[in-house]
Amino acid sequence: MSSRLFAVLDCFEVSQSALTLTDIAARSALPLSTARRLVKDLTEWGGLVQLPDRRYRIGIRLWKIGSLASEQRDFREAAMPYLHDLYEATLENVQLAVLDGLNALCVEKISGTRAVPTQTEVGGRLPLHATGVGKVLLAFSPPEVVMASISHGLRRLTCHTIVERGRLMSTLAEVRRTGVAYSREEMTLGAVSVAAAVKGPDGLLKGAVSIVSRSNTQLDRLEPAVRTAALGISRTST
């Protein structure tokens, strides 16, 4: 029963925050009758709420529970001063991400009207092989995570996306050597990024911080600022 409830909740994403009952049944691979019963139970509990157009979205009760996830909350709070400094210094999109399964989960984003538009939203997931933060997270993860990501498939998002296993492995080796990763129009045409790793006192990976800018930006000029922000967050993270 619990696995079916999780399947229903897992249907919702930042890009798909409101779903019909039919959508939920299809995305969870559950019979419509089963999905209807589970949605009813979740709605009565407060985990889901029904909108006037009869679609459903995550309810306030789940939001309250999610806010108790102290590890990511503390990590984000420790990072915020450095993210703001990085934004003020560059006026570019600034992102903070952590590893979530085989994706990068964006836990914070700061942007302004002058920054290049991006697809990233707080709570949204990004591909590991096609983004700066994703490559950092992948490079400093255990080998089994890298292999699982490759086995899952390196989806081509633009004509610049790295989809060859050998090329990705070489790229990750370079990230481990230099401590930074680049994405040059690999997720979105017209957008590039540079990212650096955030590590805890034990030296283990905690997340990644990045700047996302327009494709004509010289990323080498932004790299020192990203490194500095990542180092500052690493020193204050527990």
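In what follows, every heavy atom counts, from backbone to side chain, and hydrogens, waters and symmetry copies are set aside.
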For Met147, give me all partners under side-chain contact (heavy atoms from CB on, under 4.5 Å), at least two apart in sequence or on another chain.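 Met147 satisfies side-chain contact (heavy atoms from CB on, under 4.5 Å) with Ile150, Arg165, Met169 only.
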What pair of heavy atoms forms the shortest contact from [X] to [Y], and how long is it?
X	Y	answer
Val136	Ala208	CG1-CB, 3.8 Å
Met80	Ile110	CE-CD1, 4.3 Å
Val8	Val39	CG1-CG2, 4.3 Å
Ala197	Ser234	O-OG, 4.1 Å
Ala139	Arg176	O-NH1, 3.0 Å
Glu185	Gly190	OE1-N, 2.7 Å

Val163 vs Arg156, side-chain contact (heavy atoms from CB on, under 4.5 Å): CA-CA, chis, key distance, verdict: CA-CA 6 Å; Val163 294; Arg156 185 181 295 279; 3.0 Å; yes
Following the transitive rule for hydrophobic clusters with a side-chain heavy-atom cut-off under 4.5 Å over Ile, Leu, Val, Met, Phe, Trp and Tyr, establish whether [X] and [Y] coincide in one cluster.
X	Y	answer
Leu5	Ile58	yes
Ile162	Phe140	yes
Leu128	Met187	no
Val226	Val107	yes
Leu137	Leu154	yes

Just wondering, more than 12 heavy atoms not from Gln218 lying within 6.0 Å of its CD?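 No, CD of Gln218 has 12 or fewer neighbouring heavy atoms, counting only those of other groups under 6.0 Å.
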Residues, nucleotides or ligands: over 12 heavy atoms within 6.0 Å of Arg221 CZ: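 Incorrect, the count does not exceed 12.
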4.5 Å side-chain heavy-atom contact, [X] and [Y]:
X	Y	answer
Leu38	Leu30	yes
Arg37	Arg4	yes
Thr171	Tyr182	no
Arg125	Asp100	yes
Leu32	Leu21	yes
Arg27	Phe12	no
Lys199	Lys206	no
Leu138	Val175	no

Nearest-0.5 Å distance, [atom1] of residue [X] to [atom2] of residue [Y]:
X	Y	atom1	atom2	value
Arg214	Asn93	CZ	CG	8.5 Å
Thr131	Leu126	OG1	CG	5.5 Å
Leu96	Cys106	CG	SG	7.5 Å
Ile233	Leu83	CD1	CG	4.5 Å
Thr43	Tyr56	OG1	OH	5.0 Å
Thr161	Arg155	OG1	CZ	9.0 Å

Looking at Leu219, Asn216, Val212, Leu222, which one forms a side-chain contact (heavy atoms from CB on, under 4.5 Å) with Val192?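 Testing Val192 for a side-chain contact (heavy atoms from CB on, under 4.5 Å) against Leu219, Asn216, Val212, Leu222 leaves exactly one candidate, Leu219.
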Do the side chain of [X] and the main chain of [Y] share a donor and acceptor less than 3.5 angstrom apart?
X	Y	value
Glu186	Arg184	yes
Arg61	Trp45	yes
Asp85	Tyr82	no
Asn103	Leu105	no
Thr20	Asp23	yes
Ser210	Gly132	no

Audit row: Leu9, Leu42, side-chain contact (heavy atoms from CB on, under 4.5 Å) steps and yes/no: CA-CA 9 Å; Leu9 295 175; Leu42 284 166; 4.0 Å; yes
Please determine if Glu174 and Lys135 form a salt bridge, counting it only when a charged side-chain N lies under 4.0 Å from a carboxylate O.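 The answer is no: the pair does not qualify as a salt bridge.
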Using side chain to side chain donor-acceptor pair (under 3.5 Å), reason through Ser213 and Glu92 one step at a time and then give a plain yes or no. CA-CA 6 Å; Ser213 185; Glu92 303 285 2; 3.0 Å; yes
